[in-house]
Amino acid sequence: MKKALLVLALVLGTVLAPIAVLLALMLGSGGPPVFDAGALRPGSVPPEYEAWVIKAGSMCPEVSPSLIAAQIEVESGWNPNAVSPAGAQGFSQFMPYTWPTYGRDEDGNGRISPFDPADAIMAQGRFDCASASQATKDIESGRISGELLDIILVSYNCGYGCILDRGSPYGTAGGAESDSYPGKVKAAISKYTLPGAPRAPNFIPGGAFGANIVAAALAQQGLPYAWGGGDANGPTQGIRDGSVADSFGDYNKVGFDCSGLVTYAVAQASRHAVVLPSYTVHQLNDPRGQPVPVDQLQPGDVVFPAGGNPQHVAIYMGESMVVAAPQSGDVVKVQPMAEAVGANPDARRFG
């Protein structure tokens with residue numbers, strides 16, 4: 001991960017904002033470049049670590065599960081006991097002086113260690129999202145330039161101070177190791193990315209609210225349906241329903257149900273200004289939602305089966321398509337609106 005002496009000097013001079021911001025993607029030449037938020041390819045990650053990779057890759061839309069997995073491959077080759085010649089430790093190769101800032105007891109085993117896979121993976125996601133948050137602000141202000149993904153990766157390898165030192169992630173004081181690190185990780189991302197997962201749409205903080213809802217939801221494609229799963233912060237472990245969901249093992253999955261996905265996407269698009277309740281009927285009747293006729297639907301509108309007592313919900317994308325978490329045994333995906341909620345749904349617009 002980080003180079004001991006260089007990073008210590010540079011990182012101490014930089015305060016990373018720990019708040020994750022929404023995905024900043026380029027529209028024309030005026031914003032940060034496009035970042036592909038690929039969904040995790042089933043079976044590509046060792047099963048005992050999959051839920052943690054999904055969770056860490058869902059902390060902010062800039063950082064996907066496939067990116068987290070690719071970094072782990074490059075950092076340690078999935079060896080939780082790895083120690084580098086420079087002293088970087090564990091799965092995610094944290095230096096001892098950096099670890100206390102990001103490490104937490106994620107699995108409740110009573111210890112906080114870079115050699116604990118759950119602790120390390122989540123700390124990695126936390127670090128990447130902090131870098132993404134700070135970089136988005138600095139790009140917008142003109143303080144730095146460059147591809148957002150390269151900035152995130154060089155920051156991970158060398159520290160955010162390296163980015164500030166040169167004003168970009170290219171030719172930093174990290175030398176050849178830092179220069180080559182983004183290419184190695186990006187080359188590995190496709191191995192962990194679900195084929196056919198479309199790129200998230202353009203997303204600009206403070207931009208079109210509906211488009212931001214769609215972008216946040218699309219970044220979760222491929223995550224499993226989990227009954228009771230998902231909240232304003234991302235996917236969560238499903239719960240028992242005493243029926244069909246239990247037969248699919250939803251209580252052992254980390255993912256979203258239909259309303260959880262909507263809650264997450266709207267919260268992310270609004271920067272948590274609008275956090276919807278968990279149940280579809282409550283979402284339909286939430287007073288913050290404006291009823292919308294079917295012929296006036298716009299991307300980001302929330303659509304429900306007609307009738308006033310919906311048991312499902314989806315997010316309208318345009319062209320009669322939605323993104324949704326359909327049912328147990330399925331995954332977050334794009335599908336025809338008529339298939340998901342009917343051709344004449346009830347609709348609400350938030351924001």
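- Side-chain contact, Ser328 with Asp250: a donor N or O sits under 3.5 Å from an acceptor N or O.
- If you check the side chains of Thr236 and Asp231, you find no donor sitting under 3.5 Å from an acceptor.
- Closest approach of Ile72 to Ser92, counting heavy atoms only: CG1-OG, 4.4 Å.
- Note that CD of Gln296 and CG of Asp301 are 10.0 Å apart. Values are rounded to the nearest 0.5 Å.
- Considering only heavy atoms from C-beta on, Val334 comes within 4.5 Å of Met317 through its side chain.
- Ser113 and Gln89 are not linked by any side-chain donor-acceptor pair at a separation below 3.5 angstrom, with hydrogens and angles left out of the test.
- Remark: the Gln268 side chain and the Asn212 side chain contain no N/O donor-acceptor pair separated by less than 3.5 Å.
- The CH2 atom of Trp227 lies 5.0 Å from the CG atom of Asp241; values are rounded to the nearest 0.5 Å.
- Heavy atoms only, all atoms of each residue included: Ala118 and Asp107 are closest at CB-OD2, 3.8 Å.
- For the atom pair OG (Ser58) and CD (Gln220), the distance works out to 4.5 Å, reported to the nearest 0.5 Å.
- Leu276 and Tyr316 are assigned to two separate hydrophobic clusters, defined by single-linkage of ILVMFWY side chains at heavy-atom distances under 4.5 Å.
- Looking at Val214 and Ile315, their side chains come closer than 4.5 Å, going by heavy atoms from C-beta outward.
- The aromatic ring centres of Phe256 and Tyr264 sit less than 6.0 Å apart.
- By the criterion of side-chain heavy atoms lying less than 4.5 angstrom apart, applied directly or through intervening Ile, Leu, Val, Met, Phe, Trp or Tyr residues, Val294 is grouped together with Val341 in one hydrophobic cluster.
- With no hydrogens or angles considered, a side-chain donor-acceptor pair links Tyr181 and Glu75 at under 3.5 Å.
- Closest of all the heavy-atom pairs between Ala82 and Ser76 is CB-CB, 3.9 Å.
- Taking the side chain as every heavy atom from C-beta outward, Ile68 and Asp128 approach each other to under 4.5 Å.
- No continuous path of hydrophobic side-chain contacts links Val331 to Val244 [ILVMFWY only; heavy atoms under 4.5 Å].
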Worked check of side chain to side chain donor-acceptor pair (under 3.5 Å) between Glu62 and Ser133: CA-CA 9 Å; Glu62 296 92 343; Ser133 175; over 6 Å; no

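- In the hydrophobic clustering of ILVMFWY residues, with side-chain heavy atoms under 4.5 Å counting as a link, Met122 and Ile112 come out together.
- With contacts defined as side-chain heavy-atom distances shorter than 4.5 Å, the pair Trp99/Pro96 does not qualify.
- Scanning all heavy atoms of the two residues, the minimum distance from Ser178 to Asn157 falls at OG-OD1, 2.6 Å.
- Phe209 is listed as a side-chain neighbour of Ser270, based on a closest heavy-atom distance under 4.5 Å.
- No side-chain heavy atom of Val154 sits less than 4.5 Å from a side-chain heavy atom of Tyr170.
- Phe350 and Leu297 are members of different hydrophobic clusters when ILVMFWY side chains are connected at heavy-atom separations under 4.5 Å.
- Residues satisfying the salt bridge (Lys or Arg N to Asp or Glu O under 4.0 Å) test with Asp179, not counting sequence neighbours, are none.
- The main-chain N or O of Ser259 is never found under 3.5 Å from a side-chain atom of Thr280 such that the two would form a donor-acceptor pair.
- Tyr102 and Phe94 have tilted rings, their planes meeting at an angle from 30° to 60° on a 0 to 90° scale.
- Here the side chain of Asp257 pairs a donor or acceptor atom with the backbone of Gly228 at under 3.5 angstrom.
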Trace of the side chain to side chain donor-acceptor pair (under 3.5 Å) decision for Tyr160 with Asp138: CA-CA 11 Å; Tyr160 199 78; Asp138 288 343; 2.7 Å; yes

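- Here the shortest heavy-atom pairing between Ile152 and Ser131 reads CA-CB, 4.5 Å.
- Put simply, the side chain of Ile139 does not reach to within 4.5 Å of the side chain of Ser145, judged on heavy atoms.
- Taking both residues in full, the closest heavy atoms of Phe91 and Ala120 are given as CB-CB, 4.0 Å, listed atom of the first, atom of the second, then distance.
- Checking Tyr251 against Asp246 by side-chain atom types alone, no donor-acceptor pair falls below 3.5 Å.
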